[in-house]
There are 2 protein chains.
Amino acid sequence: MQGQNLTYGIANELGIEIVTGVYSADNPIPIEAQLCRKYGASRSALREAVKMLTAKGLLDARPRRGTWVQPEEKWNLLDPDVLGWLLERKYSPALLIEFTEIRLAVEPGAATLAARVAGPQEKAAIRHGIERMQAADRGDDDPLDSDIAFHVAVLRASRNRFYAQLTGFTATALRFSIQTTNRYKGVQLASIADHKKVADAILAGRAVAAGEAMRKLIQEALDLICKREALQATRRLAGGSAR
Amino acid sequence: MQGQNLTYGIANELGIEIVTGVYSADNPIPIEAQLCRKYGASRSALREAVKMLTAKGLLDARPRRGTWVQPEEKWNLLDPDVLGWLLERKYSPALLIEFTEIRLAVEPGAATLAARVAGPQEKAAIRHGIERMQAADRGDDDPLDSDIAFHVAVLRASRNRFYAQLTGFTATALRFSIQTTNRYKGVQLASIADHKKVADAILAGRAVAAGEAMRKLIQEALDLICKREALQATRRLAGGSAR
DNA sequence: TAAGTCTCATTTATATTATAAAAAGCGCCA
DNA sequence: TGGCGCTTTTTATAATATAAATGAGACTTA
């Protein structure tokens, strides 16, 4: 949902404003006419943007009652656009922990399946992901992109459409997660070894081992985040500089 | 996305046609003017419907090139609307297996978390789900609804927004799953006992046990589906009446 | 002949205006 | 006081005009 044209641009801006909490019960969405003025757009373009956000669970429009932001539990958080908007402007350690928690369940499941059903092409993609991570370690590839490529390859290799669907979600989450936790400083080597254990298990068809290796990998990431947060809390208490 | 008004009705119809494979590379979506005629709608209403489907990953429209169905891997399968459309018209054992597979990873994860963090209200909802299942067994409640209520309560009790987001998905999937596998014929009692084990573990705060109990529960459902499918395959081979 | 450029036609994108439908709020009346 | 019906506001739909994008084919030129 890039700003390739006016409608998409409005959807983007409005989407960000909504998920960052600009509108609520006491500060509702302006009526169509005002929104048109605000974005300098016609009703057609604006209404189409609003309909896109409605489809993603962010808005609800009814005649005479106006257009309202839906309660947060109706937002389609698994939609990469929605998740992206949320992450782009609103840093939240809680959110980071929450999606690492769900990755802790999902990715081992995908790895287990992948070990059972992955074909030659899918296995090649996983192997290639590991190679890219190794290349990144030598400075020949991007560490973030290669990491994401590996996790996406595993999800795809599960040959399950719902896991495959989570690639967009995972890629967005991972990009944000890694950027904010900002690893790649010495942890890299150990991390590659852990990733390689997962890959080896999948390639060898050892389903249980693959799941377990993936679980450990993500559990480590979760522990790291929690430790960091605790640390920052301590610093805040001590009056130190924490973000 | 009910047919509350014209635009939503068009989105529904078109959505079903798309996911059931009416349109493809060799049979592309008609141009706007033709679609308007087909649905007896104005361009405004039609375009708004198309934009909703675009937001859900089903369509992509560009000037001069027309509007095309996106490749299936871009469909937002975790969106309850999209999943519902897929299930409503297109029975698919493969799909049933696939979403039971992902439930096998997700729901134990949610149960584990729930055991750690569920508050009084969330615990009450889980207890109530069990009570409803028991009531259904006596004929005093709906077996399908009570089953769904229990699983939804566990997801919510995880206090994780991404798990909570999957309630819509799970409810849709479960409704379809149970209807087609059509249990509730003697299996019921054993099923309630298994559900109660999950609930007890969560209520007692035994996280690992809760996850494991949930895993067993869903693994049983998965085995049942696979056995059924194998059975039907056998019948088909034997020339018997399948489905 | 071949490669590049230009023009034109087609289709979606946006704008504008008018009318319909829904529903909240108010006032009238019994 | 309570219910009924008008009025007004806001979204829903319609109809039409213009803009922008782009694919295809013609045209130009080396």
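Every chain is numbered from 1, with letters handed out A, B, ... down the list of sequences. Everything numeric here is computed off the predicted structure, so don't read it as measured data.
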Specify the separation, in whole Å, of atom [atom1] of [X] and atom [atom2] of [N].
X: A/E32; N: D/dT11; atom1: CD; atom2: C1'; answer: 5 Å
X: B/I29; N: C/dT10; atom1: CD1; atom2: P; answer: 21 Å
X: A/R62; N: D/dT9; atom1: CZ; atom2: P; answer: 22 Å
X: B/R65; N: D/dA20; atom1: CZ; atom2: P; answer: 20 Å
X: B/W68; N: D/dT22; atom1: CH2; atom2: C1'; answer: 14 Å
X: B/M52; N: D/dA12; atom1: CE; atom2: P; answer: 10 Å
X: B/L46; N: C/dT12; atom1: CG; atom2: P; answer: 10 Å
X: A/E48; N: D/dT11; atom1: CD; atom2: P; answer: 16 Å

Sub-4.5 Å side-chain heavy-atom contact between A/I192 and A/H195: no
Could you check if a side-chain atom of B/V106 sits within less than 4.5 angstrom of a side-chain atom of B/F169, using non-hydrogen atoms only? no
Is any side-chain N or O of [X] closer than 4.0 Å to OP1 or OP2 of [N]?
X: A/S42; N: C/dA15; result: yes
X: B/R47; N: C/dA13; result: yes
X: A/S44; N: C/dT14; result: no

Electrostatic pair B/E32-B/R43, nearest N-O below 4.0 angstrom: yes
Side chain of [X] only, please: which of [options] is the nearest?
X: B/I31; options: D/dG23, C/dA21, C/dT11; result: C/dT11
X: B/N5; options: D/dA12, C/dT14, C/dT11; result: D/dA12
X: B/R43; options: C/dA13, C/dA15, D/dT13; result: C/dA13

Checking A/Q70 against A/D60: is there a side-chain donor and acceptor pair closer than 3.5 Å? no
Side chains of B/D26 and B/S24, donor plus acceptor under 3.5 Å: yes
Is A/A41 touching bases, backbone alone, or none of the nucleic acid, heavy atoms closer than 4.0 Å? sugar-phosphate
5' priority, DNA chain D, between B/R64 and A/G66 [closest heavy atom]: A/G66
